[in-house]
Amino acid sequence: MDEEQIVLSKPLKELEGIIKAISRKTNRDFANIEKLAQARSEFLGYVSHELRTPIFTIQGYLETLLNGAIDNPKVNRSFLEKALNHSNNLNTLLNDLIEISMIESGLMSLSFRYFNLFNFINEIISETKQLELNNNISINLLEFNKEIGVYGDKERLKQVFYNLLSNAIKYTNEGKIEIIVIEKSKSVIIKVKDSGIGIPEKELDRIFQRFYRTERERESNVPGTGLGLAIVKHILEAHQTTIEVTSEINVGSEFSFKLKKE
Ligand SMILES: Nc1ncnc2c1ncn2[C@@H]1O[C@H](COP(=O)(O)OP(=O)(O)OP(=O)(O)O)[C@@H](O)[C@H]1O
Ligand SMILES: [Mg+2]
């Protein structure tokens with residue numbers, strides 16, 4: 001009898017172990033689902049807030065115009081221009097949102113190939129300079145080996161440069177922006193360095209989170225959503241590399257990353 005009990009209890013013990021493991025896993029899964037649901041509702045909250053602001057502003061200008069301002073030559077043109085500006089911002093914002101959702105849901109498809117780094121950076125600089133309205137800032141590419149080929153998705157890397165440069169411009173009142181390329185044996189290190197307002201040290205590790213803007217930017221009127229650097233980080237991670245930053249208040253910031261060399 002005793003013997004039989006022992007024989008029975010062994011599989012029962014195993015079964016108990018299995019049931020406990022399943023229950024632990026289920027609890028973990030539930031916790032994850034809850035976290036995901038929370039992240040999703042947070043994301044939607046941010047998105048609707050960010051979309052509402054430019055839409056309300058555009059509505060405000062258009063209503064004011066319709067209520068009579070259209071006949072006031074002192075303001076009619078500038079109100080229309082402001083409405084147009086905000087609708088352009090809205091367009092950029094929507095593109096960023098689509099971009100980040102695609103990346104985060106794993107739908108971003110990359111096409112990797114080798115391309116010449118010197119021509120690539122020069123193209124971006126000349127495009128950026130066309131947008132550049134502030135004459136107090138210069139963009140300089142420091143000399144490097146013009147023959148270097150790097151491996152990556154050209155279009156996505158263009159976005160990386162564009163986002164880093166537009167930040168450097170946006171957060172520099174006057175001074176210079178430098179692009180520095182350092183050649184190593186199997187890779188190149190690329191730095192975008194500005195002489196701008198800098199980033200407080202305690203916020204350095206948070207600026208890559210989506211929607212994160214420093215306290216200073218949240219309280220100012222500088223336009224932006226806090227998506228630029230999150231996109232940069234994701235794109236570089238898809239290139240098996242990371243973005244690093246060093247910064248000093250009122251001295252400037254330096255963002256750097258590595259790419260595989262030909
Ligand atoms: N070169 C820089 N100099 C100083 N602060 C910077 C610099 N780059 C980024 N930051 C800080 O990091 C924050 C996040 O940057 P990010 O590019 O993600 O968002 P954004 O520029 O505010 O908005 P968006 O890029 O979506 O238009 C910025 O709000 C700013 O506070
Ligand atoms: Mg930005």
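Counting starts at 1 for both ligands and their atoms, following the listed order.
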Where on [X] is there a heavy atom closer than 4.0 Å to ligand 1, on the side chain, on the backbone, on both, or on neither?
X	answer
Asp194	side chain
Glu203	neither
Ile199	side chain

Pair Ser78-Glu81, side-chain donor/acceptor within less than 3.5 Å: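 Short answer, no.
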Specify the protein heavy atom at minimum distance from [atom]: its residue, its atom name, and the distance to 0.1 Å.
atom	answer
atom 12 (O) of ligand 1	Ile207 CG2, 3.3 Å
atom 18 (O) of ligand 1	Leu229 N, 2.9 Å
atom 14 (C) of ligand 1	Tyr212 O, 3.3 Å
atom 28 (C) of ligand 1	Tyr171 OH, 3.4 Å
atom 22 (O) of ligand 1	Arg213 NE, 2.6 Å
atom 17 (O) of ligand 1	Asn167 ND2, 2.8 Å
atom 19 (O) of ligand 1	Gly226 CA, 3.1 Å
atom 30 (C) of ligand 1	Glu217 OE1, 3.2 Å

Aromatic [Y] / basic [X] pairing, under 6.0 angstrom, 45° off normal:
X	Y	value
Lys233	Phe208	no
Arg218	Tyr212	yes
Lys260	Tyr151	yes

Sub-4.0 Å atoms of ligand 1 with respect to non-hydrogen atoms of [X]:
X	value
Thr214	29 (O), 31 (O)
Lys170	20 (P), 21 (O), 23 (O), 27 (O)
Gly198	4 (C), 5 (N)
Phe255	1 (N), 8 (N)

Name of the residue among Leu51, Leu97, Leu93 meeting side-chain contact (heavy atoms from CB on, under 4.5 Å) with Thr225: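 Exactly one option meets the side-chain contact (heavy atoms from CB on, under 4.5 Å) with Thr225, and it is Leu93.
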Test log, rule side chain to side chain contact (heavy atoms under 4.5 Å, CB included), inputs Asn32 and Phe30: CA-CA 5 Å; Asn32 279 341; Phe30 272 126; over 6 Å; no
Nitrogen or oxygen atoms of Leu227 and ligand 1 under 3.5 Å apart: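 There is such a contact, yes.
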Within residues 159-169 or reaching into it, pairs that qualify as salt bridge (charged side-chain N to carboxylate O under 4.0 Å, His left out) - sequence neighbours excluded: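 Salt bridge (charged side-chain N to carboxylate O under 4.0 Å, His left out) check on residues 159-169 returns no pairs.
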Geometric class of the Phe120/Phe161 ring pair [parallel <30°, tilted 30-60°, perpendicular >60°]: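 Geometry flag for Phe120 against Phe161: perpendicular rings.
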Metal proximity, Asn163 vs the Mg ion (ligand 2), N/O/S cut-off 2.8 Å: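 Under 2.8 Å: Asn163 has no N, O or S contact with the Mg ion (ligand 2).
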Audit row: Lys170, Val222, side chain to side chain contact (heavy atoms under 4.5 Å, CB included) steps and yes/no: CA-CA 8 Å; Lys170 189 154 73 167; Val222 180; 3.7 Å; yes
Close aromatic pair by centroid cut-off 6.0 Å: His239 and Phe112: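 Yes; Phe112 has its ring centre under 6.0 Å from that of His239.
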Residue pair Ser247 / Ile199: nearest heavy atoms and the distance that separates them: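 Looks like OG-N, 2.8 Å.
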Ligand 1 contact by Gly196, heavy-atom criterion under 4.0 angstrom: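 No, Gly196 has no heavy atom closer than 4.0 Å to ligand 1.
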